[in-house]
Amino acid sequence: MKLSVRRLLKKSTALTLTLMVLVSTFYMFMGNVANVKADEIIKSGHVSYDVTSLNVRTGAGTGYDVITQVNGGFHFDIYDEVFTSSTYSWYSVGFYHNGEYTRGFVSSQYVEIDNNSEYTPDADFEEYLNNQGFPESYKDGLRQMHANYPLWVFVADLTGREWNDMVENENVPGRSLISINSISSWKSTAENCYDWETGEYVIFDSGGWVQASTELVQYALDPRNFLNDINIFMFESLAFDSSVQNIEGVNNIIAGSFMDNSDHYLDGYTYPTLLMHAAQVSGVSPYHLATRIIQEQGFNGQGRQISGTVSGYEGYYNYYSQNAVAKNGLTAVQNGLKYAMTTDSSVLLPWNSRYKSVVGGAINLGSWYINRGQNTIYYEKFDIKNYYHQYMTNILAAVSESKTAHNAYSDYTLHNSTFKFTIPVYENMPESVCTKPTGDGSPNNKLGSLEISGVSLTPTFSPYTNDYSAIVDNNVSSINISAGTLSGSASVSGLGNYSLNVGNNYITITVTSESGDTQDYNITVVRKAASSGNTSSEGFTTGYKLDMDKKTISGIGVSTDVQTVMGNLAHGNGNYSKVLKTDGSERTGSVATGDKLVTYSSEGSVISQFNIVIYGDVNGDSEIDILDIVRVKNYIVGTKNLEMSYLTAADSNHDGIVDILDIVAIKKNILGTKFISQ
């Protein structure tokens with residue numbers, strides 16, 4: 001690779017200055033270290049934003065014990081710097097851990113020193129933040145950036161979208177992906193995303209991309225995680241602005257990449273000049289075009305869509321991976337190149353040259369996204385209008401691209417230019433910022449088998465059914481419960497022998513996965529009274545839960561059929577029961593909230609009547625789905641009243657009130673991440 005004399009001089013000068021700074025810093029440190037008090041804070045810093053699970057240790061070295069692990073953006077006070085290597089040092093830091101101020105050490109390799117410009121009270125800026133409508137939880141990050149970059153402008157986009165609606169729609173399988181090589185807490189175990197039997201994740205895109213977990217989606221979706229001077233660039237306008245975007249910035253982005261001093265034939269252009277030309281033609285920021293190409297094709301240009309050699313698609317290019325989605329039996333690469341072979345002169349298709357792909361693809365990018373309102377990296381990923389119209393499926397793409405976008409600007413430009421950032425604000429956001437999940441290990445917390453020796457469970461065991469019941473005769477005074485897990489790395493508590501009282505006995509079996517996630521399996525065992533001919537005053541005994549005040553019966557699983565319910569009732573003296581619908585006709589098929597369990601004597605007179613409650617089935621259709629969420633929402637805002645058993649069923653988390661937390665519980669049940677206990 002050849003370097004110009006100018007670049008060689010530039011690099012050698014930078015290297016000389018760097019060495020001078022390092023040497024002077026070393027001697028300054030050695031000269032002053034004796035004067036640094038043990039309790040004197042010398043500066044502050046934070047974990048680099050792309051770092052996950054950084055160890056904080058008891059001493060300056062990897063041989064010391066780990067106090068805790070922290071993630072990108074975690075702030076701390078710095079008391080001292082200890083040099084143990086010629087390439088990096090260790091910082092003695094102080095931070096709050098479990099409510100107490102704690103001291104420890106972190107490696108300087110993963111630390112960024114804060115710009116310690118202090119924010120002084122600025123009445124005009126505070127009024128501006130309030131007028132914009134920024135919530136309090138946004139303001140600290142914005143204040144710090146205002147102190148460091150007073151020319152920057154922050155605009156609140158009051159989207160009007162409900163936070164939970166955004167999370168739910170980004171959780172659609174295949175819409176928000178993460179590498180299969182990520183830690184387990186980043187990957188979804190929802191229905192159609194994970195096979196509990198095999199422990200394998202469902203691949204949604206070539207290269208091993210799986211559905212991201214709800215927790216990771218919430219982290220990436222929460223703008224408050226990115227209100228720092230680097231990640232803020234995910235909210236920068238992607239439109240071309242010649243006042244701040246220039247070829248020097250393009251060179252900064254592509255430095256060291258495959259586009260730097262490339263020998264690719266580009267119809268007389270270099271990559272920097274071609275990207276500037278594409279920006280002028282398309283109205284899209286050249287910095288965004290450069291970062292998008294690196295994001296899609298790799299820093300070293302290893303993406304096959306720009307190789308020009310893919311079998312059956314030789315000589316075609318797709319620099320921005322447009323329409324590159326695995327479907328119809330073709331890989332993402334094949335579909336992207338298939339699109340490159342189509343004809344549309346307005347975007348220079350077919351893309352049978354690198355020039356056409358870079359420029360024509362930029363025109364597409366502008367018309368598809370940036371010039372129609374999705375004009376930030378964040379909005380290219382998160383479509384707040386229709387949900388589905390997104391440029392990238394990688395849930396963390398906006399995070400990584402924001403860093404590259406930031407690096408396009410010189411320090412002088414950052415401090416002396418007016419940048420405008422449009423930051424979304426959602427309705428009913430969590431009070432606390434959604435943190436990045438850190439757990440790892442197998443998430444499988446399902447039972448593979450569950451048995452009571454000599455006793456039948458109702459319903460028949462399934463790893464996905466969490467509530468069971470059984471009835472035993474009076475002479476059965478104890479039982480033994482055994483179980484096995486689907487995953488060999490999971491552990492189980494609650495197994496073994498149990499003494500039984502007459503009546504209801506409640507037993508919980510808890511499975512804990514390797515990653516620490518728990519799942520409860522609940523068993524109600526009814527031991528009959530001494531005389532099998534005797535029954536309770538209700539005319540039956542059962543493993544279901546009876547509320548004598550509300551006259552409700554619960555503990556019945558979703559979609560349980562009438563025959564199963566009857567099998568869970570023990571009658572005496574010729575008594576019998578029926579399940580009736582709200583219109584009084586006899587129920588067949590699955591029981592639902594609002595049905596009535598009516599028990600009759602042998603002569604046909606009514607002995608008792610209980611309203612059936614299936615938690616989460618708020619509209620009484622025997623299912624838990626989006627219609628139940630609508631019912632609860634309408635009740636909360638006062639447009640729909642809920643009475644009797646329907647109101648009880650709406651309290652899905654069993655805390656005694658019906659509020660937004662019950663909506664969350666229903667959504668988790670629908671997604672399969674946590675089932676409602678009956």
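Defined by atom type and a distance below 3.5 Å, a donor-acceptor pair is present between the side-chain atoms of T599 and S577. For D157 and T422, the side-chain atoms include no donor-acceptor pair closer than 3.5 Å. Side-chain atoms of S321 and N318 form no donor-acceptor pair, as typed in the model, at a separation below 3.5 Å. In summary, the side chains of D583 and S585 do present a donor paired with an acceptor at a separation below 3.5 Å, with no hydrogens or angles considered. A donor atom on one side chain and an acceptor atom on the other are found under 3.5 Å apart for Y544 and N568. No donor-acceptor contact under 3.5 angstrom links the side chains of N445 and D517, judged on distance only. For the residue pair N611 and T552, no side-chain donor N or O sits within less than 3.5 Å of a side-chain acceptor on the partner. No hydrogens or angles considered: nothing links the side chains of K674 and N653 as a donor-acceptor pair under 3.5 Å. Side-chain polar atoms of N171 and T214 form a donor-acceptor pair below 3.5 angstrom. Side-chain contact of N504 with Y506: a donor-acceptor pair under 3.5 Å is present, judged by distance alone. A donor atom on one side chain and an acceptor atom on the other are not found under 3.5 Å apart for D659 and Y635. A donor atom on one side chain and an acceptor atom on the other are not found under 3.5 Å apart for Q678 and D467. Looking at S400 and Q295, their side chains do bring a donor and an acceptor atom within 3.5 Å of each other. Side chains of N71 and K436: no donor on one and acceptor on the other come within 3.5 Å.
Checking side-chain atoms of Q322 against main-chain N and O of G361 turns up a donor-acceptor pair under 3.5 Å. Put simply, the side chain of K596 never gets that close to the backbone of Q609: no donor and acceptor are under 3.5 Å apart. The closest donor-acceptor contact from the side chain of S213 to the backbone of S185 lies under 3.5 Å. Looking at T376, its side chain never comes within 3.5 Å of a backbone N or O of S237 through a donor-acceptor pair. The closest donor-acceptor contact from the side chain of N335 to the backbone of K327 lies under 3.5 Å. Between the side chain of Y521 and the backbone N or O of L447 there is at least one donor-acceptor pair closer than 3.5 Å. With N386 contributing its side chain and H389 its backbone, the two residues share no donor-acceptor pair below 3.5 Å. In this structure, the side chain of Q211 engages the main chain of G174 through a donor-acceptor pair within 3.5 Å. Panel note: side chain R161, backbone I384; a donor-acceptor pair is recorded below 3.5 Å. Between the side chain of W186 and the backbone N or O of P437, at least one donor-acceptor pair lies under 3.5 Å.
Judged as a side-chain contact (heavy atoms from CB on, under 4.5 Å), and not counting sequence neighbours, the contacts of S489 are S442, S487, E514. Judged as a ring-ring contact (aromatic ring centres under 6.0 Å, His included), and not counting sequence neighbours, the contacts of Y378 are F235, F382.
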| task | Tell me, with the steps shown, if K633 and D662 meet salt bridge (Lys or Arg N to Asp or Glu O under 4.0 Å). | result | CA-CA 10 Å; K633 280 186 177 179; D662 298 301; over 6 Å; no
| task | Check the pair K581 / E586 against salt bridge (Lys or Arg N to Asp or Glu O under 4.0 Å), numbers first and verdict last. | result | CA-CA 6 Å; K581 295 188 286 188; E586 189 168 353; over 6 Å; no
| request: Go through V155 and Q132 one step at a time and tell me if the side chain to side chain contact (heavy atoms under 4.5 Å, CB included) criterion holds. | output: CA-CA 7 Å; V155 178; Q132 281 290 306; 3.6 Å; yes
| Can you list the steps and then say if V630 with N634 is a side chain to side chain contact (heavy atoms under 4.5 Å, CB included)? | CA-CA 6 Å; V630 173; N634 290 339; 3.5 Å; yes
| task | Decide yes or no on side-chain hydrogen bond (donor to acceptor under 3.5 Å, both in side chains) for S513 and N444, but give the supporting numbers first. | result | CA-CA 5 Å; S513 70; N444 200 320; over 6 Å; no
| message | Run W209 and N394 through side chain to side chain contact (heavy atoms under 4.5 Å, CB included) and show every step you take. | response | CA-CA 8 Å; W209 290 87; N394 179 358; 3.8 Å; yes
| said: Is there a salt bridge (Lys or Arg N to Asp or Glu O under 4.0 Å) between K446 and E197? Walk through the geometry before answering. | reply: CA-CA 9 Å; K446 303 292 187 197; E197 307 285 342; over 6 Å; no
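Here the shortest heavy-atom pairing between Y464 and W196 reads CE2-CD1, 3.5 Å. The two residues S608 and F540 make their nearest non-hydrogen contact at OG-CE2, 3.8 Å. Heavy-atom minimum distance, Y201 versus P443: OH-CG, 3.4 Å. Summarising the geometry of L450 relative to A483, their closest heavy-atom pair is CD1-CB, 4.0 Å, with the distance given to 0.1 Å. In this structure, S184 and G439 approach most closely via the heavy-atom pair OG-O, 3.6 Å.
Once rounded to the nearest 0.5 Å, the distance linking CD1 of I629 with CD1 of I663 reads 7.0 Å. Note that CG of D651 and CG of L642 are 11.5 Å apart. Values are rounded to the nearest 0.5 Å. The distance from the OG1 atom of T648 to the CD1 atom of I612 is 13.0 Å, given to the nearest 0.5 Å. To the nearest 0.5 Å, atoms CG (D628) and OG (S652) are separated by 8.0 Å. The line from OG of S206 to CD of Q334 is 9.0 Å long, rounded to the nearest 0.5 Å. Summarising the geometry, atom OG belonging to S554 is positioned 11.0 Å from atom CZ belonging to F610; distances are rounded to the nearest 0.5 Å.
Taking the six-membered ring wherever Trp is involved, the centroid distance between the rings of Y369 and Y379 does not fall below 6.0 Å.
A 4.5 Å side-chain heavy-atom check between Q519 and N466 finds at least one atom pair inside the cut-off. Side-chain contact between V325 and D205 is absent, with no heavy atoms from C-beta onward closer than 4.5 Å. Considering only heavy atoms from C-beta on, Y600 comes within 4.5 Å of K578 through its side chain. Looking only at side-chain heavy atoms (C-beta outward), F204 and P173 come within less than 4.5 Å of each other. A heavy-atom distance below 4.5 Å is found between the side chains of L238 and E380. N225 places a side-chain heavy atom less than 4.5 Å from the side chain of V433. A heavy-atom distance below 4.5 Å is found between the side chains of T465 and Y468. In this structure, the side chains of L495 and I509 come closer than 4.5 Å at one or more pairs of heavy atoms.
Salt bridge R224/D222: present, at least one basic N to carboxylate O contact under 4.0 Å. A salt bridge links R587 to D595: one of the charged nitrogens lies within less than 4.0 Å of a carboxylate oxygen. Salt-bridge check for E170 with R175: failed, with every basic side-chain N at 4.0 Å or more from each acidic carboxylate O.
Atom NZ of K139 has more than 12 heavy atoms from other residues, nucleotides or ligands within 6.0 Å.
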